[in-house]
Peer 1: 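Submitted below is the structure of interest, expressed as structure tokens.
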Amino acid sequence: MRDVLSPFTAWKHLFREPVTVLDPLNDRPGADRYRGFHQNDLEKCIGCGTCEVICQNAAIDMVPVSDPEDGDSGLRPMIDYGRCCWCALCVDVCMTGSLTMSNDYVWADANPDVFRFTPGVDPKPWNEEEKGYQRPGARVLASTERVHMGERTAKDRIDNFEEIVAGYTREEAMIEADRCVECGLCVATCPAHMDIPDYIKAIREQDYDKGLQLLYQTNPFSEVCGRVCTHNCETACAARHDGDPIAIRWLKRHITDEVPYERYVDLIGKPEAATGRKVAIVGSGPAGLTTAYDLARMGHKVVVYEARKSPGGMPRYGIPEYRLPYDMLDRDIDVIRAMGVEIVCNTRIGEDITMETLRADNDAVVLSIGLHLGRSTRIPGAESPDVDTAVPLLRKITDGEEVPVPEKLVVIGGGNVAMDIARSMARLQQVKHGKVGVTVTALESFDHFLADADEVRESREEGIEIFDARGPQEIVTFKSGKRKGRVKGLRTWLCDSIFDDQGRFNPHYDESDELVHPADMVIEAIGQAADVSILGKDLTEALEWTRGRIRVDVDGQTSEPWLWSAGDCVNGPDVVHAVADGHRVAQSINAMLAAKEEAAT
Amino acid sequence: MSKAKALSKMTTVGEVLEAAAEFDREAHSFYTDLIPRISKNIRYLVEDLARDELRHIRMLSKLAKNPEVAAHMQDEIKRPQADRKFTDAAHAPELGDNPDDQEVLLYALAREQIAIEEYSELAENTEPGLLHDTFQFLANEERKHKADLEALYYEIVHTAAAPLRHNRQH
Amino acid sequence: MFKIEPDRSQYPAHNPDGSCDIDLSSGKYVKIWHGPNHPGITGNMSLELTICGDEVVEGRTRVGYLHRGFEKLMERRTFIQVFPIVCRVCVPEPDLNEYCYAAAIEELAGIEVPDYANWMRTLILEMGRFNSYMMYLGGQSGSLGMGVIGQWTTYVRDLMLDRFEELTGARVYHMFILPGGVRDVLPDGFAARMEETLKTAERYLDDVDKVMFQNAVFNKRTRGVGYIDPALFDSYGVTGPTARAGGATTDVRRDAPYLKYDELDFEPVTGTDSDIWARADVRRRDTRLSIDLIRQILVKMQKPGEYFAKIPNVLHWKIPYGETYIRGESSRGEYGYYLVTDGTGYPRRINVRGPSYTHAMALLERLIVNTNISDVGALMVSLHTYPPEIER
Amino acid sequence: MRALYDRLKDRFQLGELTRQRPDLGFVTVGRDHLRALLVELKDVEGFTHLVLFTAVDWLEDGQFQLTYLLNNRATAQDLGVRLMIPREGASMDTIHDLWPTAETYQRELYEMFGIDFPGSPRVDEDFILEGWTDLPPNRRDFDTKEYSEATFAERAGRESHDPRDHMKQKLYPDGE
């Protein structure tokens with residue numbers, strides 16, 4: 001009987017309020033973390049396309065929205081909602097956190113094409129909606145932390161010039177390489193446009209031969225750049241927006257570490273057949289030797305003239321060995337030699353051979369003489385015999401010549417050259433006196449510091465004192481006595497602002513904040529200049545100049561049709577930029593030679 | 001302008017402006033003479049400086065012709081302390097035979113500093129009004145000019161600081 | 001109690017290969033299609049029935065109406081890209097797919113999932129089970145003409161979907177259990193709102209008890225119908241509530257505890273009669289168990305902590321050679337993922353073991369013989385069939 | 001699991017035991033011993049529950065792997081029995097008489113992988129793919145993308161850009 005009556009319980013629901021009601025007027029908003037239509041913060045988005053890569057339904061296209069610039073492709077994701085499955089992996093993987101989802105989910109339209117749009121670009125009612133799905137916390141689908149690079153402790157390194165950086169092991173390199181998302185934003189920023197994502201992929205695949213081939217396609221100074229490159233690429237790295245950028249420079253070095261050196265030349269391949277054309281290059285730094293490498297591979301006969309004892313230019317004579325061991329530089333240079341490049345050292349153009357002779361004997365001449373003259377502040381006392389500039393001192397240290405090593409010295413300058421000379425001298429002091437006594441005074445404050453943060457950190461670890469925002473006023477010398485004219489110290493004022501409100505150099509000093517840094521020697525490391533005196537008066541007069549530098553066109557050609565110029569002397573100091581210059585000049589010369597060949601036949 | 005008068009405590013506005021014009025004329029001819037002697041790679045620097053001086057000369061002469069300023073030409077004002085440096089510099093440029101870019105710039109900067117001090121002092125010594133404003137204006141002009149030169153100095157001398165990328169002509 | 005024993009004495013016998021020689025031209029037999037558009041069918045599936053009068057002589061399960069080739073599709077996706085697909089193998093209870101897939105990946109890649117994420121996963125699986133039972137109860141009663149119960153359970157399910165929405169950001173396909181952990185912590189005040197939902201659910205379940213289980217019609221039409229001999233369970237791969245309704249104590253949550261089930265206090269729900277009614281009854285009580293488990297979980301879950309383990313960069317995630325099988329207890333029975341990896345960034349093979357695969361094919365084809373055509377719907381639903389599991 | 005393996009290893013010439021978990025192992029067996037092994041496991045060792053039966057295509061090796069996953073309910077242990085068969089003319093003995101439910105698995109394997117099970121009921125009857133004439137679609141050499149491109153139309157007007165190429169084209173088109 002109960003079984004017959006119980007069902008009538010249902011009747012009680014007859015008198016209840018309905019639980020579903022039609023309410024066409026009020027929105028029913030999605031939950032706070034609802035995964036609705038996408039939003040994109042255009043300012044934050046860098047167009048790396050990782051969202052497109054991860055989308056398993058191929059719902060995302062990258063479309064041009066603005067002009068590309070360093071670290072931003074100018075592309076933005078366009079989403080096809082006919083394909084989107086609302087899984088939000090694109091939001092989770094977003095490198096900048098720009099892509100989010102609103103909690104808006106209601107949108108009806110008869111035209112199916114409107115359901116394909118570019119979030120953040122196309123105006124949508126939910127663009128400003130604050131609720132919706134956002135990646136909770138940090139990116140989790142790819143690691144945000146760089147693999148630590150091992151380096152020798154300050155105690156181990158201060159009394160010698162052995163390399164500091166240990167280099168990655170295979171395991172470490174694999175983990176670091178795994179962090180790369182292969183967006184390729186870095187390639188445009190790298191002056192040499194190295195195939196960065198590809199060689200990082202080669203590490204992941206443990207195909208070091210391929211990695212090395214990729215390196216040498218764009219950079220014959222891979223050993224050098226793997227250690228001392230300015231790594232602008234890392235400032236364009238998508239990973240830097242949420243964590244550390246990929247250690248691109250160390251990964252490059254890792255490839256060169258892993259491939260046995262004997263195999264390099266085989267992997268790179270042989271040069272083309274000889275063309276019979278001749279090119280002379282003045283200066284054997286990265287710009288000159290890259291030009292030489294490229295031209296030699298194209299089959300041209302290349303002779304490089306170097307004034308100093310050994311080839312290499314700034315990397316050898318400007319960069320201390322604890323940063324770049326010279327046998328590593330030699331490995332790069334020997335590969336270039338193996339391509340048939342002849343390097344004539346101890347030959348100064350302008351003295352041993354004139355530019356005119358080079359012009360007469362060659363189809364083209366390349367001037368890549370770098371910046372080897374040190375600039376002086378020329379403040380009072382700068383003429384003292386105890387004052388020297390950094391660049392010649394670094395050269396002497398490289399060549400093993402004797403340099404004065406007082407117990408206490410001051411370096412003026414806040415760039416990497418200042419750090420290089422300070423740290424080199426500190427090592428020599430440690431060996432000679434058993435202690436370090438180096439003070440660095442930089443005009444720039446730490447907010448605007450020029451030297452790399454790593455350099456500053458390591459310098460301090462090595463016992464070097466760094467004073468920022470100090471404007472040098474006078475090198476104080478003994479006015480009388482046995483040491484008359486010898487350096488006593490450096491007098492500085494606080495530089496309370498270095499740039500004006502337009503960002504132009506316009507130092508302002510606080511004269512009341514005066515310090516005298518005691519020293520037996522002052523080293524000026526404020527800047528360098530190119531030694532253009534080798535050109536001779538006539539050529540100097542014939543050439544077009546622009547603001548003190550030889551004027552070159554995009555291809556590095558000067559106003560003289562036979563002369564090209566590349567590297568620091570035209571574009572300022574930067575190794576990888578010099579390499580890029582070298583490629584450009586080589587292309588240009590090759591095109592000129594090809595045109596000549598065509599005209600001859 | 002006699003030596004005796006140059007050393008007295010008071011001077012006239014006309015004389016001050018004349019001294020300033022002389023200061024600029026001397027510099028202009030100094031730079032112009034230097035142009036052919038200086039290496040071509042840094043010649044632009046001297047050429048620019050000569051052009052700037054010429055601009056200053058024109059500005060001063062335009063000022064002198066201004067009827068309102070002209071009316072004050074005979075007004076007596078206190079001779080500035082900086083005046084001696086100012087007139088000295090007008091006559092004796094301390095620059096070697098074959099100066100380099102840094103020397104030229106340091107010389108030019110020193111001259112700007114003198115001019116700034118001169119005009120600032122003159123402005124301080126005059127009552128608010130046309131003359132005060134005029135000297136103030138001249139001091140500001142020199143200040144702006146000096147700031148330009150400072151920036152150039154940093155760019156040229158501190159090369160390590162500022163890798164120059166503007167050389168590639170596109 | 002009465003049981004319908006198969007009696008084929010008056011019909012042609014089955015051949016060894018399973019076929020049956022039926023002479024349709026005799027006029028004695030009619031072949032009809034039951035589905036795919038039939039209220040008695042959950043999802044898109046059809047039964048090809050040969051009937052004599054209103055008695056089924058032979059039945060064939062026909063699937064293929066929504067074959068999307070998931071298993072093959074997954075072989076073209078990277079490991080993370082498979083994650084949004086797996087849930088779609090089962091609409092009413094997608095979360096178990098997410099768990100099984102994630103756990104399989106985690107096992108082969110050697111990833112340890114944070115404790116909090118495991119609690120979260122347990123909670124979600126029970127919420128999913130509850131939802132699935134809500135759908136079943138509505139379907140089972142609907143197959144016997146009791147439409148109103150489906151409306152109630154749909155409403156209650158909708159309330160649970162609200163909880164899903166605020167927790168996971170989606171209502172149907174939650175995509176919340178990522179390989180490595182879960183996507184987020186509980187929202188503020190979640191436990192209180194869940195308690196309210198559970199209370200409402202209990203109120204409605206009380207009504208369902210009366211209107212459905214104490215209903216003479218329901219009892220008449222389900223008791224003794226669709227009897228599965230427990231001896232056949234292993235022959236036909238019968239698992240879950242279907243098996244427990246026949247006295248088996250099989251429940252993966254207890255037999256091979258995964259996630260946090262070994263820290264929860266419960267006993268598998270069992271029945272005795274192994275007929276439609278017993279199966280419905282087991283599920284009804286299992287729904288109550290889910291409610292209890294959700295309450296236990298919300299109490300036992302510790303304060304929000306780490307909910308995602310460190311995993312390799314998903315864009316080039318490669319998993320070394322290996323194979324494994326991860327199972328979980330779904331509302332229909334044993335659910336599992338067999339995953340084979342080959343060292344590349346893509347799975348070599350993913351095989352989904354859905355309980356409907358064994359229940360709705362060979363087993364149903366056997367059970368259906370000699371039943372009344374009006375019982376076919378109820379019988380089929382009593383096996384709690386979700387066709388996408390059959391044709392992944 | 002180890003004890004079980006030791007009991008059976010020699011009799012059925014089993015390959016190495018892969019202990020994936022304490023409660024899950026995999027062994028490889030030869031075709032000649034498969035049936036006897038399954039019977040032994042089912043009738044003597046308590047592995048009565050056929051959890052699943054499926055295939056893995058090792059295209060590169062020219063082989064199919066058949067996986068029979070058995071479960072012992074009492075001990076809550078799983079044993080995966082692996083058997084390699086040549087892909088070419090793939091065929092295997094039916095086990096529907098051991099587990100009637102295997103009939104369904106074997107129908108699917110026939111349709112999806114092209115593995116024949118002579119004697120298995122209705123093995124060649126359409127299972128999911130009515131009227132399918134192409135390669136068995138779960139074989140690795142069946143290209144689903146190619147198939148879908150040939151079968152379905154792409155939505156018009158879609159175009160994407162690779163960031164790296166796009167930046168090259170815009171910023172340094174000559175590679176300078």
Side-chain angles (χ1 to χ4, degrees), chain A residues 191 230 371 373-378 390-391 413-418 443-444 448 450-451 498-500 502-507 525-530 532-533 535 537 539-556 565 568-574 577 581 584, chain B residues 34-49 51-52 94-110 112-113 116-117 140-170:
Chain A
T230 40
L371 300 168
L373 295 182
R375 290 276 191 180
S376 165
T377 56
R378 297 193 186 170
V391 179
N416 283 332
V417 176
L443 193 56
E444 297 81 7
H448 296 97
L450 301 170
I498 181 168
F499 299 109
D500 63 18
Q502 284 147 37
R504 284 187 323 177
F505 179 75
N506 189 6
I526 58 163
Q528 296 116 261
V532 289
S533 67
L535 294 174
K537 198 160 180 305
L539 185 52
T540 304
E541 201 57 39
L543 282 169
E544 293 290 325
W545 297 80
T546 175
R547 303 186 71 73
R549 296 169 188 230
I550 299 172
R551 172 180 284 184
V552 288
D553 67 9
V554 275
D555 296 325
S565 186
D568 293 0
C569 66
V570 280
N571 284 317
D574 184 9
H577 203 268
D581 259 14
R584 234 183 335 261
Chain B
L34 193 57
I35 290 172
R37 290 192 284 126
I38 202 157
S39 180
K40 189 181 177 187
N41 56 328
I42 55 169
R43 201 173 289 156
Y44 75 101
L45 204 58
V46 189
E47 286 168 348
D48 283 355
L49 288 168
R51 251 195 303 279
D52 289 338
E94 291 163 17
L95 209 53
D97 277 347
N98 186 21
D100 67 9
D101 47 359
Q102 197 176 353
E103 277 175 275
V104 173
L105 274 173
L106 282 171
Y107 169 75
L109 281 167
E112 295 301 333
Q113 185 57 35
I116 293 169
E117 287 171 18
N140 278 340
E141 276 299 296
E142 299 293 352
R143 252 186 224 111
K144 265 191 269 173
H145 193 191
K146 187 179 176 218
D148 290 344
L149 290 178
E150 291 265 20
L152 186 64
Y153 183 83
Y154 189 70
E155 190 179 286
I156 287 176
V157 176
H158 296 246
T159 37
L164 301 189
R165 293 283 157 67
H166 57 232
N167 194 16
R168 278 158 56 200
Q169 311 283 312
H170 284 270

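Each chain gets a letter, A, B and so on, in the order the sequences are listed, and its residues count up from 1.
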Peer 1: Using non-hydrogen atoms and a 4.5 Å limit, figure out which bit of A:A390 sits close to chain B: side chain, backbone, both or neither.
Peer 2: neither
Peer 1: Can you tell me which portion of A:L535 sits under 4.5 Å from chain B's heavy atoms? Options are side chain, backbone, both or neither.
Peer 2: neither
Peer 1: Of the non-hydrogen atoms in B:V157 and A:I526, which two are nearest, and what is the gap between them?
Peer 2: CG1-CD1, 3.4 Å
Peer 1: Between A:R375 and B:D100, does at least one N-O distance fall below 4.0 Å, as a salt bridge requires?
Peer 2: no
Peer 1: Using the rule given for side chain to side chain contact (heavy atoms under 4.5 Å, CB included), can you reason through A:K537 versus B:K40, listing the C-alpha separation, both sets of side-chain angles and the distance that settles it, and then say yes or no?
Peer 2: CA-CA 9 Å; A:K537 198 160 180 305; B:K40 189 181 177 187; over 6 Å; no
Peer 1: For B:L152, is it the side chain, the backbone, both, or neither that has a heavy atom closer than 4.5 Å to a heavy atom of chain A?
Peer 2: side chain
Peer 1: Quick check: closest heavy atoms across A:E444 and B:Y154, and the distance to 0.1 Å?
Peer 2: OE2-OH, 2.6 Å
Peer 1: For A:T377, is it the side chain, the backbone, both, or neither that has a heavy atom closer than 4.5 Å to a heavy atom of chain B?
Peer 2: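 Contact with chain B is through the backbone of A:T377 alone.
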Peer 1: For B:R43, give me all partners under side-chain hydrogen bond (donor to acceptor under 3.5 Å, both in side chains), at least two apart in sequence or on another chain.
Peer 2: A:E541
Peer 1: Output all residues satisfying side-chain hydrogen bond (donor to acceptor under 3.5 Å, both in side chains) with B:Q102, sequence neighbours left out; order by chain, then residue number.
Peer 2: A:R378, B:Y153
Peer 1: Look at B:I42, B:L45, B:D148, B:L106 and state which one has the largest set of heavy-atom pairs under 4.5 Å with chain A.
Peer 2: B:D148
